[in-house]
Amino acid sequence: MTWETVIGLEVHVQLKTRAKMFCACSTNFGDPPNTNVCPVCLGLPGALPVPNEGAVRLAVRAAMALGCEVHRLSVFARKNYFYPDLPKGYQISQFEQPLAVGGRLDIGTPEGPQPIGITRLHLEEDAGKSLHDRFPGLTAVDFNRCGTPLIEIVSQPDLRTPEEARRYLTALKRILEYLEVSDCNMEEGSLRVDANLSVRRPGAPLGTKQEVKNMNSFAAVERALQQLRDQQVATLEAGSRIELTTFTARTGELTPMRAKEESHDYRYFPEPDLPPLDLVSYGIDLGEEQKHLPELPAARQLRFQQQYQLSGYDAGVLTATRGVADYYEDVVAAGAPPKEAANWVMGPVLADLNEHKAGLRVEPARLAALINLETDAQVSHQAAKRVFTDMSRSPNSPERIAQELGLIQVTDDEQVKQWVIAVSNANPEEWRRLKSGESKLVAFVTGRVMKESRGRADPKKVQEVIWRMVSGPSASDRRDLPALSSPHSLARSSPPVPPLPRPLRRRGLPERQGILRQLEMVVRHDRETLHVRRDPSAQHVDPHPLGQAQRGLA
């Protein structure tokens with residue numbers, strides 16, 4: 001029989017506030033240790049906590065976006081445990097009456113959207129941070145993080161694979177960033193994940209769960225869950241029992257977990273220094289909050305596909321973050337074609353963002369003007385990318401930058417023709433083969449013309465001129481083109497079809513193809529090919545040689 005994996009996630013999200021949950025201390029990351037502290041967050045006698053209204057509003061916004069039932073009244077509780085980074089000896093959290101319950105989050109799977117249930121979402125404060133690598137043999141404690149406002153989002157055990165867990169976390173992060181509830185910076189600890197995993201036979205009761213901690217990326221979550229699942233299956237198939245342990249992703253080790261499975265282990269009781277959290281007293285109207293929710297990522301992705309005729313992949317990339325999605329729509333609103341705007345935002349714009357980490361440096365209206373320069377064939381794509389690089393440093397318009405760099409494309413027929421003639425003179429053999437029907441050499445000649453013009457020639461105009469000159473140059477063109485072999489000598493010098501082995505000769509197909517290729521080369525050469533039938537040495541050639549060949553070989 002197969003094994004079924006059961007995964008539940010507890011996600012701790014730091015809210016995007018400037019002050020802590022119950023005091024006015026700063027939440028700024030990276031400040032010197034133990035500088036953003038006060039009697040309230042250190043739990044000194046006589047200090048009283050006061051809830052942060054901004055944190056409450058952000059928590060309500062997140063709960064409503066996840067479809068939770070938000071309670072008008074909720075209760076803060078003391079969660080008691082003793083640890084070096086918890087100066088009060090307890091953490092202010094919520095237990096029996098949390099801020100919100102229920103809810104769901106749909107994740108994308110190959111089979112379609114899959115709903116993942118959400119058990120609860122509640123407010124709490126963070127603990128401090130233990131540092132084990134600052135002093136040899138000692139543990140240092142930084143209390144700056146103590147009291148930072150958090151929401152804890154607890155999922156139902158609906159996830160069945162590590163990949164689904166990663167999809168869930170990715171979708172949750174996108175929503176929280178769209179709501180501007182948190183920056184979700186995992187490197188700074190703004191989003192932390194505890195995962196519980198167990199395996200069982202299909203339909204059997206839940207097995208013994210093990211916890212995965214100390215993960216710094218969603219990829220690490222997926223790898224750790226895969227490793228833990230494999231270990232549990234191997235243990236059970238060997239006839240052993242699963243022990244209650246914590247899995248450390250960094251080392252891959254299983255260590256005994258601190259027993260905390262029941263609520264009485266924490267001795268929860270209502271926080272005596274805080275009254276029940278009444279949303280009305282904070283001026284929070286749930287109906288108004290619902291109206292002011294932004295368009296969420298899944299809905300926006302679908303709208304992008306329908307409104308701008310984008311593929312699912314393109315729409316997904318553009319709506320991955322709210323800032324990029326807003327930027328793209330501003331570019332389109334400024335007059336850029338939707339598909340071309342999508343290509344530019346997904347390409348040069350995101351590359352510049354990743355390289356410089358300085359935000360979206362080119363204004364949407366200026367990018368739209370640059371895109372229109374390219375679509376109007378005033379600059380080539382490569383030239384446009386050079387202009388884009390300079391736009392982040394120059395306030396000038398894209399057109400002026402292109403002019404200063406000498407990148408405005410030349411579409412004048414005479415100038416383009418002179419470049420084509422120069423290339424044909426420098427490459428007579430390739431030009432002769434192109435005239436003889438090797439159309440693939442158009443790309444070669446076009447590339448040489450672009451090099452000759454230093455990128456200033458319009459590629460479409462170049463190909464237009466090439467085809468016109470190949471199919472029938474004017475008298476003035478002929479004087480400048482390299483001399484071509486006479487069509488009579490071409491016909492006389494055509495190599496005979498080599499004799500074929502008897503079996504192939506009986507079948508006749510390769511022989512017919514060889515004759516047809518020679519005749520097509522003559523017919524396509526140019527209009528002077530018609531003089532072939534006047535050549536005494538070529539009297540065997542029918543005025544309609546290709547038709548005769550087809551009739552004779554039919």
Side-chain angles (χ1 to χ4, degrees), residues 16 108 170-171 173-180 182-187 217-219 294-409 455 458-459:
K16 201 172 183 179
T170 302
K173 179 175 181 288
R174 286 180 67 189
I175 289 176
L176 296 174
E177 289 177 334
Y178 259 71
L179 298 170
E180 297 182 338
S182 172
D183 60 19
C184 296
N185 190 328
M186 297 189 74
E187 290 77 11
S217 71
F218 295 160
E295 186 180 24
L296 297 178
R300 198 169 197 181
Q301 180 175 344
L302 181 60
R303 179 172 65 81
F304 273 29
Q305 291 178 245
Q306 297 172 344
Q307 180 175 346
Y308 301 120
Q309 301 298 303
L310 300 177
S311 68
Y313 173 80
D314 289 356
V317 172
L318 293 171
T319 58
T321 63
R322 184 177 176 180
V324 171
D326 290 344
Y327 181 84
Y328 168 75
E329 294 215 84
D330 289 343
V331 173
V332 174
K339 178 57 180 175
E340 285 74 9
N343 292 338
W344 268 91
V345 173
M346 292 189 299
V349 172
L350 288 184
D352 181 77
L353 176 64
N354 293 331
E355 180 180 355
H356 296 282
K357 310 294 183 184
L360 301 164
R361 303 193 296 168
V362 176
E363 298 85 350
R366 297 179 71 212
L367 178 61
L370 175 61
I371 294 172
N372 287 326
L373 279 181
E374 182 187 354
T375 55
D376 294 341
Q378 295 188 51
V379 295
S380 67
H381 182 64
Q382 293 301 320
K385 290 201 291 187
R386 289 182 57 189
V387 173
F388 177 80
T389 301
D390 279 20
M391 286 173 66
S392 60
R393 302 187 294 262
S394 171
N396 293 334
S397 67
E399 185 174 8
R400 181 173 177 181
I401 294 174
Q403 290 172 344
E404 291 173 350
L405 296 175
L407 298 175
I408 297 295
Q409 286 193 148
D458 177 8

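In what follows, every heavy atom counts, from backbone to side chain, and hydrogens, waters and symmetry copies are set aside. Everything quoted here is computed from the prediction, not taken from an experiment.
How far CD1 of I408 is from CG of D458: 11.5 Å, rounded to the nearest 0.5 Å. Distance SG/C184 to CZ/R174: 12.5 Å, rounded to 0.5 Å. Atom CG of L367 sits about 13.0 Å away from atom CZ of R361, to the nearest 0.5 Å. Remark: T321 OG1 to L353 CG distance equals 8.0 Å, nearest 0.5 Å. With rounding to the nearest 0.5 Å, the separation of CZ in F218 from OG1 in T170 is 5.5 Å. Note that CD of E374 is 8.0 Å distant from CD of E340, once rounded to the nearest 0.5 Å.
The two residues Y327 and V362 have their closest heavy-atom pair at OH-O, 2.6 Å. When every heavy atom of T319 is checked against every heavy atom of A325, the shortest pair comes out as CA-CB, 4.1 Å. Listed here is the closest heavy atom pair of P398 and M391: CG-CE, 3.7 Å. Shortest non-hydrogen contact noted between I371 and P337 is CG2-CD, 4.0 Å. Contact between V379 and A384 at its shortest, heavy atoms only, is CG2-CB, 4.0 Å. When all heavy atoms of S394 and R366 are compared, the closest pair comes out as O-NH2, 2.7 Å.
Between E399 and N372 there is no side-chain heavy-atom pair separated by less than 4.5 Å. Looking at heavy atoms from C-beta onward, V317 lies in side-chain contact with L350 at the 4.5 angstrom threshold. Considering only heavy atoms from C-beta on, H381 comes within 4.5 Å of W344 through its side chain.
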For the pair L179 and L296, evaluate side chain to side chain contact (heavy atoms under 4.5 Å, CB included) and give the outcome as yes or no after the intermediate values.
CA-CA 8 Å; L179 298 170; L296 297 178; 4.0 Å; yes
Given R400 and D390, is the salt bridge (charged side-chain N to carboxylate O under 4.0 Å, His left out) satisfied, shown in steps?
CA-CA 11 Å; R400 181 173 177 181; D390 279 20; over 6 Å; no
Evaluate the side chain to side chain contact (heavy atoms under 4.5 Å, CB included) criterion for residues L318 and Y308: first the C-alpha distance (whole Å), next the side-chain angles of each, then the deciding distance (0.1 Å), finally the verdict.
CA-CA 12 Å; L318 293 171; Y308 301 120; over 6 Å; no
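For Q309 (side chain) and Q306 (main-chain N/O), a donor-acceptor pair under 3.5 Å exists by modelled atom type. Judged purely by atom type and a 3.5 angstrom limit, T389 uses its side chain to pair as donor or acceptor with the backbone of K385. With hydrogens and angles ignored, the 3.5 Å screen pairs no side-chain donor or acceptor of R322 with any backbone N or O of E180.
For CZ of R386, the number of neighbouring non-hydrogen atoms (other residues, nucleotides, ligands) closer than 6.0 Å is 12 at most.
Aromatic ring orientation, F304 versus Y328: tilted (interplanar angle from 30° to 60°).
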